[in-house]
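Predicted model, so just to flag it, every value in this text is computed and none were measured.
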Amino acid sequence: MKHWSHLQAERILNDQIQSWWFRGKRTIFDGLFRGKIPPTALVLDVGAGQGLFVNHLAGPRRVIAVDEWWDCLERNRQRGGLPVRGDATRLPVRSDCFDYLFALDVLEHLPDDDAVVKEWARVLKPGGLMVINVPALDCLWSPHDVQMGHYRRYNRRKLARVLESNGLRCERLAYSNFFLTPVAWLIFNLKLYRGSESNPEAHIPVPKPVQWIITLCYQIEAAWLKRFSFPFGGSLIAIARKGHGSR
């Protein structure tokens, strides 16, 4: 992971909290998991960042947060996580330990996704759930992906293949960011946005009336995804269960 100065790190962390994209992502995962994770479940959040998404879903003191960035881990601890500094490709935890593993926008940053999913499956209990969010659709590949350190984007078939080849059974593969995908395609293909070298986590700034519309779109998506799926989207969510015979 790239090393940032303290001021750069602080700006990136604050931008994440304020970003309409991060708020929308949290809305989606609230709809899918809020109130559905048992209070006794042990949860591992890989590449946990600040704990903006998973900590509030699983209840206090039940999330082990793995990240390489000290600034993120400290903020995660303040949000009730139990931070552990570690590498997403070699998790510093025991095998067959966790009921849930979340890896939200992590897999695309790692060169060998097959080996990584095998490692993540190792730490899940038999019957445990792996929840992954990744950027989707090759047609949306742009210079911003390069700035973000992405190796790839996914579709349903590509993500299902890497999960199922490592002893996981896909229970749900669902696209999200459906309403924003045509806009994103136009922006990236017309080269209207290339991201920021100083802060690749930054997203396109939009006026407040547009943010309200985007917020409404995410609320509609969250309600829809509780029961249905979209035919395409800029992100892809996988929910996969570890088989009882898997190691």
Item to complete: State plainly whether one hydrophobic cluster holds both Val146 and Leu140, where clusters connect Ile, Leu, Val, Met, Phe, Trp and Tyr through side-chain heavy atoms under 4.5 angstrom apart.
Response: no
Compare all side-chain heavy atoms of [X] with those of [Y] and state whether any distance is below 4.5 angstrom.
X	Y	answer
Arg79	Val63	no
Arg23	Thr27	no
Lys158	Arg153	no
Ile64	Phe98	yes
Leu91	Arg122	yes

Practice prompt. Mind checking the CG-NE2 spacing from Asp145 to His109? Nearest 0.5 Å is all I need.
Written response: 9.0 Å
Practice prompt. Quick one: list whatever passes salt bridge (Lys or Arg N to Asp or Glu O under 4.0 Å) with Arg90, sequence neighbours left out.
Written response: Asp87
Worksheet item: Around atom NZ of Lys36, are there more than 12 heavy atoms of other residues, nucleotides or ligands at under 6.0 Å?
Response: yes
Worksheet item: Between Gly49 and Asn76, what is the shortest heavy-atom contact and its length?
Response: O-ND2, 3.1 Å
Worksheet item: Closest heavy-atom contact between Val117 and Val162?
Response: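 Of all heavy-atom pairs spanning Val117 and Val162, the closest is CG1-O, 3.9 Å.
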For a quick test of your reading: what N or O donor-acceptor pairs under 3.5 Å do the side chains of residues 225-240 make, sequence neighbours left out?
| unit_1 | atom_1 | unit_2 | atom_2 | d |
| --- | --- | --- | --- | --- |
| Ser235 | OG | Asn177 | ND2 | 2.8 |

Contacts under 3.5 angstrom, residues 130-138 side chains, donor-acceptor by atom type, not counting sequence neighbours:
| unit_1 | atom_1 | unit_2 | atom_2 | d |
| --- | --- | --- | --- | --- |
| Asn133 | ND2 | Asp105 | OD1 | 3.1 |
| Asn133 | ND2 | Asp105 | OD2 | 3.2 |

